[in-house]
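One structure below.
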Protein chains: 2
Amino acid sequence: MAKAPYHHGALREALLEAAEKLLREEGLSALTLRAIARAAGVSHGAPAHHFEDLSALLSELAAVGFRRLVDQLAAARETRGKVSFPLPKAYLSFAMANRELFALMFREERLDARRPSLLEARAAAIALLSQSLGVKAHGTPAGGPSLKELGAMTAAWSLTHGFTVLAIDGRLAPLLRAAPSGTAAEALLEAALGATALVGRT
Amino acid sequence: MAKAPYHHGALREALLEAAEKLLREEGLSALTLRAIARAAGVSHGAPAHHFEDLSALLSELAAVGFRRLVDQLAAARETRGKVSFPLPKAYLSFAMANRELFALMFREERLDARRPSLLEARAAAIALLSQSLGVKAHGTPAGGPSLKELGAMTAAWSLTHGFTVLAIDGRLAPLLRAAPSGTAAEALLEAALGATALVGRT
DNA sequence: GAGCTTAACTAGACAATGTCTAGATCCATA
DNA sequence: TATGGATCTAGACATTGTCTAGTTAAGCTC
C-alpha cells in the first residue's frame, strides 16, 4: 500500500468527491470542512489552498450538481414526443437520485451566492428550463414575452420544482398512500401536470 | 431600570421571540443557541431547561410559523369568490413577509422531525391546503380519491409551493424583469395559475 | 545537475459553538 | 418557616472554521 505523498496531486477533485460521498451517506449536516479533509486524507488546513472557505467548496459542489442536472435535462429533451413531460420527470428523477445534493443546491445560506461557477451552472440550468418549458426561441413580437406566456412557463417550472422539493422532503407520502395503490411519485407528477393543461410545454 | 431577576418567568416565549428576531434580522446562520440566549439576556445554559437542544427550539419556532400560516390561509379562504386564487396568494405573501422563517420551516436538517408540536402544526397546514385545494370534504365515491383528483390538488399545491420557494430565493427576478414592467410576484403567480386550468380549485 | 522560488501541505492556535455537569438561586407548597 | 424542585449561572469539553508559521517537494533557471 503506497503511502500518501506529501503533495496530493489532485486534491481539489478529491475534496469534491469526498464531500459528495459524505453528503450522500451522512447528509447535509455532516458536511464540515474538517470531515471533508479527513475523508480525503489530508490535514484540516489543506483545503484552504483550493477553496477560500467552506462555502466556496460547497458552492463548487452545488455547481457540479447543476451541471449534472443540465446534462440530464438535455438528454431528456431528446425524448420529446416519445415520453410525456420529459423535463419534469428528469428533474424529479435527478433529485430523487441525488436527494442531499439537490437540497444543497438550494441551501442559499450555505453557499457563496457570488461564486461565478455556481452562478454560471445555475444560469445554464435555468436557461435550459426556460427555453424548453416556455419562452420560444424564435423571438417574441415586441418588448419581450407576454405575461400570459411567462405565466405558462412559470407554472411549469414552479410546479416541477415544487413537486420535487415536496417529494424529497417526504411531504407527498400521504398523497401517494391515498392514491391508487402502486402509484409512484413520477405517476403523481404526471397526473399533476396532466391536470394543468400545460401539455404542449413540457 | 429594573435589574433582571434570577428567574426569568417566561423564558420559553422570550427565547422564541429572540430567535425569531435574530432570524429575521440576521438570517438562518445567525440562529445559534448561544446567540439566542444572549439576545434573551440569559446564560448559554438556560435554554436547556425549556428545549432539549437547538433543533428543539428551532422546531418550535417552525411550528409557530406553520400555525401563523394556517391562520392566514384560513382568513384568505373567507375571501373566496371575491379574490382569485386566495390561498396561493396568502401562501406567497406569508413567505414574502417572513422569508427566513419560511425557509426555516423547510430546513429539515435543522429541525427535529419527530417533535409533536411541529408535526401537528405542519399537518394542520397541509390539511387546510388539501381540503381547500382539492380533495372534497364530502366523501369520495370508493376507495379514496381518483388519481385525477389527486393530480389536480397536487398541481395546485406544488405550483404554489414551488413558486413561493423560487420567489423567496430570488430566482424569479429575471422573469419579473422580462414581464411587462411593474409586474409584481403576485401578478406572476396569478398568471401562472391562470395558465393551468386549475381555476376552480384555488 | 544545483540552487531557488513557490505552491501544496502540516500542525498548532484561536474564538465560537452545542452540550454536559456542578452548583447557586429562589419559588411554591407543606 | 423549612424544604423540595424548578430555574438559572458558570465552567468544562470536544468540535468547528479560519489564521499563521513552518515543512516538504515540484518545477524552473542557470
Side-chain angles (χ1 to χ4, degrees), chain A residues 2-19 21-23 25-62 100 104 107-115, chain B residues 2-19 21-23 25-62 100 104 107-115:
Chain A
K3 69 165 194 171
Y6 194 94
H7 283 82
H8 185 288
L11 183 52
R12 204 191 123 93
E13 284 64 35
L15 287 169
L16 288 173
E17 282 168 26
K21 186 155 180 270
L22 258 175
L23 177 60
E25 292 173 358
E26 301 183 36
L28 266 174
S29 31
L31 276 189
T32 68
L33 230 204
R34 291 169 103 109
I36 295 168
R38 274 194 298 272
V42 294
S43 76
H44 63 270
H49 291 268
H50 301 275
F51 303 99
E52 307 91 280
D53 55 18
L54 178 56
S55 75
L57 198 165
L58 298 188
S59 298
E60 211 56 48
L61 186 53
E100 301 286 344
L104 175 65
R107 289 303 189 270
E108 298 297 324
E109 71 275 17
R110 306 205 60 182
L111 306 177
D112 176 358
R114 301 194 208 147
R115 186 152 258 255
Chain B
K3 69 163 198 174
Y6 194 93
H7 283 81
H8 186 287
L11 184 53
R12 205 190 123 93
E13 285 65 33
L15 286 169
L16 287 173
E17 282 168 26
K21 185 155 181 270
L22 257 174
L23 177 58
E25 293 174 357
E26 301 183 37
L28 266 174
S29 30
L31 276 188
T32 68
L33 189 56
R34 293 170 102 109
I36 294 169
R38 274 193 299 271
V42 294
S43 76
H44 63 269
H49 291 268
H50 301 274
F51 303 98
E52 307 92 279
D53 56 16
L54 178 57
S55 76
L57 199 165
L58 298 188
S59 298
E60 212 53 50
L61 185 53
E100 301 286 344
L104 174 65
R107 289 303 188 271
E108 298 298 323
E109 71 274 17
R110 306 206 60 182
L111 305 177
D112 176 358
R114 301 192 210 145
R115 184 151 260 255

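Every chain is numbered from 1 and lettered A, B, ... according to where its sequence line falls, protein lines coming before strand lines. Quick note: numbers below take in every heavy atom, side chains included, and nothing from hydrogens, waters or symmetry partners.
Atom CG of Leu22(A) is separated from atom P of dT16(D) by 11 Å (rounded to the nearest Å). Rounded to whole angstrom, the span from the CZ atom of Arg38(A) across to the P atom of dA11(C) amounts to 14 Å. For Arg110(A) and dT16(D), the CZ to C1' distance is 11 Å, given to the nearest whole Å. Taking atom CD of residue Glu26(A) and atom P of nucleotide dT15(D), one finds them 14 Å apart after rounding to whole Å. Here the C1' atom of nucleotide dT15(D) and the NE2 atom of His44(B) are 15 Å apart, to the nearest Å. Note: CZ (Arg34(B)) to C1' (dA15(C)) measures 11 Å, nearest angstrom. Residue Leu54(A) contributes atom CG, which lies 10 Å from atom C1' of dT16(D) at whole-angstrom precision. Rounding to whole angstrom units, NE2 of residue His50(B) and C1' of dG5(D) are separated by 14 Å.
You'll find that the side chain of Leu33(B) is closest to dG18(C), out of dG18(C), dG17(D), dC9(C). Of the candidates dG11(D), dA8(C), dT17(C), dA8(C) carries the atom nearest the His49(A) side chain, counting heavy atoms from C-beta on. Candidate nucleotides dT16(D), dC8(D), dG18(C) were compared by shortest atom distance to the side chain of Ala46(B), and dC8(D) ranks first.
Listed pair Ser43(B) / dC8(D) fails the phosphate criterion, with no side-chain N or O lying under 4.0 Å from OP1 or OP2.
Taken from CG in Leu61(B) to CG in Leu23(B), the straight-line distance is 6.0 Å, to the nearest 0.5 Å. With rounding to the nearest 0.5 angstrom, the CD atom of Glu52(A) is 4.5 Å from the CZ atom of Arg115(A).
Residue-level contact check: Arg12(A) touches neither bases nor backbone, having no heavy atom under 4.0 Å from any strand.
A 4.5 Å side-chain heavy-atom check between Leu16(B) and Phe51(B) finds at least one atom pair inside the cut-off.
The one candidate from Leu54(B), Asp112(B), Leu104(B), Asp53(B) that meets the side chain to side chain contact (heavy atoms under 4.5 Å, CB included) condition with Ser59(B) is Asp112(B).
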